[in-house]
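Here is how names work: the chains are called A, B, and so on, in the same order as the sequence lines, proteins then strands, and each is numbered from 1.
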Amino acid sequence: MAEPYITLVSSLPYLPPFEQAGRSPITRLRLEQRLHNLDTDDARQLAKAEALVSWRMSLAKPKTDADMVLRSRAAMQDISQPALRDFIEFRIDQQVILAGLRRRNAGADASALEPIAGASRWVRHIAAHWGDPNFKLAAVYPWIGEARGYLDGNNAAALDSLMMRVIWQKLGPIAESNKFGFEAVFAFVFKWDILQAWLARDAAQAKSRFHDLIKEIKNDS
Amino acid sequence: MEPLILALGWVGLYAPLALGAVGSMIGCSRAGSAACGALLEVESGYGRYIGVAAMPSSQTIYGIVVTMALRRELSVENSPGIFGLGLLAGLALLFSASAQGSACAASINVSKNKLEIFGISLAPAALVEGFAVFAFVFALVLAAGIPK
């Protein structure tokens, strides 16, 4: 078992389950200081992955589906760590499924997925099973039914919590697969990101951000 | 043929010490790396972590004792026995020290966040030590049966 990051992993604090956390156990600045111990190539791959699939994604969030697809393809060509690639694919699959559910809820047909064709292995499958409540993916992604329920009930907060929980649960076994390796480090970073997003949840701020986004879209068009 | 058998005898004689020391180096390095990382996270109790990091050094001591127990005038009659016993005891010490280092690193990693589990988290490392002691004790017992 390769254990290249024993010191780094041991210098990271325990992350409590995000729903029970009262405060973040480490600041971004401190985390970045610790991440300086990463190998240059691993650090580069992690930065790319963070910009692509972290919960709070980078500020340079792509504005169109086509941009997102292009960006994810470009990033995936630069990412060689198998566990990190698997995680990115998992996150993109998750986003594609949610996009499918949202578009179907809005009354669109399967052609609404055309802009994201090629983003995930499931796009064609989803389009082919557009009429099935769970796109015939419930066996692979058991959370789809619950997510659909929250979307139908316009419960965005519960949907967010569910998605965070799904990602958190995905990251657990990844970290365990190599407790002192890159897998443990990137799992920590993505978990920390979720924890930060959870702690930063603020209804008033969200409302203001929503209005800003609406203005931005109006100004663009 | 005789020089080869005698050479194997020398290998067996020194193997417990050499392989035990290699294992201790690997184990102490792993546990020590974890201890260094933990020092960044904790405010006190530094000695505790460094102490745990030293646990895999015991295999070198066992190796010294086994080598001393095997030490005798090498002959064609006793060299094969010394080779077999010494090499296998050395390998057991090497793997146990290396595995103990990983167990100690895991213990340091979890106990830095939850001090109350410090003792129990060392149980896997203690179990590994137990197996090293078995290998050590039985090497001594069997060494007594090798012709002088």
(request) List the atom of Asn109(B), the atom of Ser10(A), and the distance in Å for their closest heavy-atom pair. (result) OD1-CA, 3.5 Å

(message) Show the nearest heavy-atom pair for residues Ala34(B) and Ile6(A), with the distance to one decimal.
(response) N-CG2, 3.3 Å

(message) Within a 6.0 Å radius of atom CG on Leu199(A), are there more than 12 heavy atoms belonging to other residues, nucleotides or ligands?
(response) yes

(message) Are more than 12 heavy atoms, taken from residues, nucleotides or ligands other than Glu116(B), located less than 6.0 Å from that residue's CD atom?
(response) yes

(request) Answer yes or no: is there a donor N or O on one side and an acceptor on the other, between the side chain of Lys112(B) and the main chain of Ser11(A), under 3.5 Å? (result) no

(message) Show every side chain to side chain donor-acceptor pair (under 3.5 Å) that has at least one partner inside residues 82-92 of chain A, sequence neighbours left out.
(response) Arg91(A)-Gln94(A)

(request) Check whether more than 12 heavy atoms from other residues, nucleotides or ligands sit under 6.0 Å from atom CZ of Arg28(A), and answer yes or no. (result) yes

